[in-house]
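Computed over heavy atoms, backbone and side chain alike; hydrogens, waters and symmetry mates excluded. Order of the sequence lines sets the chain letters (A, B, ...), proteins ahead of strands, with each chain counted from 1.
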There are 2 protein chains.
Amino acid sequence: MATPARLPRADNRLPQILDEAARLFAERGFPATTIRDIVRGIDMLPGSLYYHFAAKEDLLAAVYAEGVKRISGHVHAAIAKRTDPWQRLTAACVAHLEALLDESAYAQVVIRVRPGDVPEVAGPLTALRDRYESVFVDLIDALPLKPGVDRRALRLMLLGALNWSQTWYRPGRDDPRAIARNFVALLRKPTET
Amino acid sequence: MATPARLPRADNRLPQILDEAARLFAERGFPATTIRDIVRGIDMLPGSLYYHFAAKEDLLAAVYAEGVKRISGHVHAAIAKRTDPWQRLTAACVAHLEALLDESAYAQVVIRVRPGDVPEVAGPLTALRDRYESVFVDLIDALPLKPGVDRRALRLMLLGALNWSQTWYRPGRDDPRAIARNFVALLRKPTET
DNA sequence: GTACAAAACAAACAGTTGTTTGGTAAAGTG
DNA sequence: CACTTTACCAAACAACTGTTTGTTTTGTAC
């Protein structure tokens with residue numbers, strides 16, 4: 001059918017565009033990043049970007065999709081080794097935070113950009129994020145909890161706390177793994193005397 | 001010294017500017033809101049805004065300051081009635097979420113806008129936010145907790161989870177008070193069987 | 001080597017951005 | 001009532017925005 005007449009060229013700079021866009025979207029946010037900012041970093045002209053993307057929002061969608069792919073892969077690799085429900089959840093949170101705070105600008109874009117703020121691609125973005133977060137639904141379903149514990153609230157609280165760490169995290173001072181483990185521990189054990 | 005020669009006029013529209021700016025900053029974010037968007041809502045010309053503010057960032061700072069004032073007032077009024085440490089914390093979280101999700105566009109701006117994204121006023125914005133959050137430092141210090149519980153992690157987790165609710169909250173479906181109480185309860189009691 | 005599509009350049013476009021300037025009606029003060 | 005200052009209007013500014021168009025280079029397949 002729509003088989004490409006020829007393979008893409010080996011020297012095409014699509015990966016560089018995505019990398020630089022991810023870096024800037026993560027650092028400044030989507031609206032504050034201009035097309036010229038992105039292409040300046042990789043010695044390209046503004047118009048050339050439109051060979052790869054029809055609009056700025058489509059570039060965001062591509063970065064966002066790659067971000068979900070990476071963070072999702074990281075988390076799945078981490079939980080595959082474990083069998084104990086609590087250890088699996090902890091491993092997932094650690095991997096989530098690692099991707100979010102250290103590893104990947106792509107992952108940071110997924111957390112930083114609110115789909116609703118970009119109406120042109122809000123649908124696809126929300127779908128991608130929901131699909132990713134479904135892992136946590138399953139992980140928390142598998143937890144042996146006291147009857148009456150609200151699992152949805154548990155998930156929203158945990159993921160919210162993890163994601164918000166993006167606003168206060170400082171590389172030298174804080175440790176992603178320690179943060180994640182600390183948060184899970186606070187939910188698991190009672191804090192009260 | 002710099003005493004104003006005269007009092008401000010009774011018919012000046014500064015309050016309307018602030019209201020409309022808060023509404024739009026909360027809804028679309030700071031960079032996505034234009035000066036023209038703001039003045040359009042109150043039948044004013046773009047240039048007129050610059051009688052009140054030297055730059056767009058200064059308008060944000062004013063909205064932000066008012067936001068901190070309101071959310072802070074709401075929280076302090078809520079905890080004043082209580083004496084039990086856990087009840088005080090719960091009341092503070094409920095008030096925080098009420099301001100954040102329902103009551104005030106000003107409060108939403110405080111949570112939505114990252115000070116670091118607006119370098120021109122990042123200093124004042126961060127100072128305002130830190131001063132507000134110090135209430136939660138005190139509230140959590142007063143809690144009778146098991147030895148070894150990381151109070152900073154507890155605070156960051158709780159506030160993070162509350163603030164992040166801005167991204168998934170839907171007015172009809174969710175209830176701010178229930179969310180806040182649920183989150184505090186999850187930290188207080190053990191969830192594990 | 002030649003043909004063809006991929007991927008970029010070069011230059012502009014129309015619209016929008018935050019902001020400035022000079023003028024003016026009117027509210028508040030004495 | 002005269003006078004000062006407040007608060008705005010009207011119109012423009014230069015810079016920047018995402019995007020389009022026509023043209024050129026370059027890798028790849030035959």
Side-chain angles (χ1 to χ4, degrees), chain A residues 1-22 24-25 27-64 109 113 117-122, chain B residues 1-22 24-25 27-64 109 113 117-122:
Chain A
M1 309 292 184
T3 306
R6 197 178 294 192
L7 290 172
R9 261 159 59 176
D11 70 329
N12 97 81
R13 295 195 273 165
L14 177 59
Q16 299 180 51
I17 295 177
L18 291 170
D19 280 357
E20 188 67 8
L24 292 172
F25 290 164
E27 189 183 309
R28 313 177 187 175
F30 176 70
T33 303
T34 71
I35 299 290
R36 285 173 178 80
D37 288 338
I38 297 167
V39 297
R40 188 179 303 127
I42 57 171
D43 268 310
M44 188 181 249
L45 293 181
S48 305
L49 191 142
Y50 287 82
Y51 174 76
H52 299 278
F53 300 98
K56 192 192 173 192
E57 286 77 16
D58 295 324
L59 169 56
L60 172 66
V63 169
Y64 201 98
V109 173
V113 175
D117 287 350
V118 196
E120 297 88 344
V121 289
Chain B
M1 317 295 172
T3 307
R6 199 178 293 190
L7 290 171
R9 259 158 60 177
D11 69 330
N12 96 85
R13 295 195 272 166
L14 178 59
Q16 299 180 50
I17 296 177
L18 290 170
D19 280 358
E20 188 66 9
L24 292 172
F25 290 164
E27 187 183 310
R28 314 178 187 175
F30 176 70
T33 303
T34 72
I35 299 289
R36 283 173 179 80
D37 289 338
I38 297 166
V39 297
R40 189 178 302 125
I42 57 171
D43 268 310
M44 190 181 247
L45 293 181
S48 305
L49 191 143
Y50 287 82
Y51 174 77
H52 300 278
F53 300 99
K56 191 191 173 192
E57 286 78 14
D58 295 324
L59 169 56
L60 172 66
V63 170
Y64 202 98
V109 173
V113 175
D117 287 351
V118 196
E120 296 89 343
V121 290

* How close or far is atom C1' of D:dG27 from atom CG of A:Asp11, stated in whole angstroms? -> 6 Å
* Asked: What is the distance from CD1 of B:Ile38 to C1' of C:dT19, rounded to the nearest Å?
  -> 14 Å
* Per-nucleotide protein contact string for nucleotides 11-25 of chain D (B base, S sugar-phosphate only, - none; heavy atom under 4.0 Å) -> -B----BBBB-----
* Quick one: list whatever passes salt bridge (Lys or Arg N to Asp or Glu O under 4.0 Å) with A:Asp19, sequence neighbours left out. => none
* List the atom of A:Asn12, the atom of A:Leu14, and the distance in Å for their closest heavy-atom pair. => OD1-N, 2.8 Å
* Over all atoms of both residues, closest heavy-atom pair of B:Ala62 and B:Phe53 -> CB-CE2, 3.6 Å
* Listed nucleotide nearest any side-chain atom of A:Tyr51, set C:dA8, D:dA7, D:dC8 -> C:dA8
* Taking only the side-chain nitrogens and oxygens of A:Asn12, find out if one of them lies under 4.0 Å from OP1 or OP2 of C:dA6. => no
* Excluding sequence neighbours, so at least two apart, what forms side-chain contact (heavy atoms from CB on, under 4.5 Å) with A:Glu120? -> A:Glu57, A:Val118
* Distance check: side-chain N/O of A:His52 vs OP1/OP2 of C:dA8, anything under 4.0 Å? -> yes
* Asked: In whole angstrom, what separates A:Met44's CE from C:dA7's P?
  -> 10 Å
* Asked: Once you round it to whole Å, what is the distance between C1' of D:dC9 and CG of B:Leu49?
  -> 14 Å
* Structure fact -> Hits for side-chain contact (heavy atoms from CB on, under 4.5 Å) against B:Ile42, two or more places apart or cross-chain, chain-then-number order -> B:Gln16, B:Ile17, B:Glu20, B:Met44
* Distance, rounded to the nearest Å, where B:Gln16 contributes CD and D:dA7 contributes P -> 13 Å
* Whole Å only: how far is the CG atom of B:Leu14 from the P atom of D:dC8? -> 8 Å
For a quick test of your reading: what N or O donor-acceptor pairs under 3.5 Å do the side chains of residues 30-39 of chain B make, sequence neighbours left out?
{"from": "B:Thr33", "atom 1": "OG1", "to": "B:Leu24", "atom 2": "O", "distance (Å)": "3.3"}
{"from": "B:Thr33", "atom 1": "OG1", "to": "B:Gly29", "atom 2": "O", "distance (Å)": "2.8"}
{"from": "B:Thr34", "atom 1": "OG1", "to": "B:Arg36", "atom 2": "N", "distance (Å)": "3.4"}
{"from": "B:Thr34", "atom 1": "OG1", "to": "B:Asp37", "atom 2": "N", "distance (Å)": "3.0"}
{"from": "B:Thr34", "atom 1": "OG1", "to": "B:Asp37", "atom 2": "OD1", "distance (Å)": "3.4"}
{"from": "B:Thr34", "atom 1": "OG1", "to": "B:Asp37", "atom 2": "OD2", "distance (Å)": "3.2"}
{"from": "B:Asp37", "atom 1": "OD1", "to": "B:Arg40", "atom 2": "NH1", "distance (Å)": "3.2"}
{"from": "B:Asp37", "atom 1": "OD2", "to": "B:Arg28", "atom 2": "NH1", "distance (Å)": "3.0"}
{"from": "B:Asp37", "atom 1": "OD2", "to": "B:Thr34", "atom 2": "N", "distance (Å)": "3.1"}

* To do: Please name all residues satisfying salt bridge (Lys or Arg N to Asp or Glu O under 4.0 Å) with B:Asp43, sequence neighbours left out, ordered by chain then number.
  => none
* **Whole-Å distance separating the CD1 atom of A:Ile42 from the C1' atom of C:dC9** => 14 Å
* **Under-4.0 Å side-chain N/O to phosphate OP1/OP2 contact, B:Arg13 with D:dA7** => no
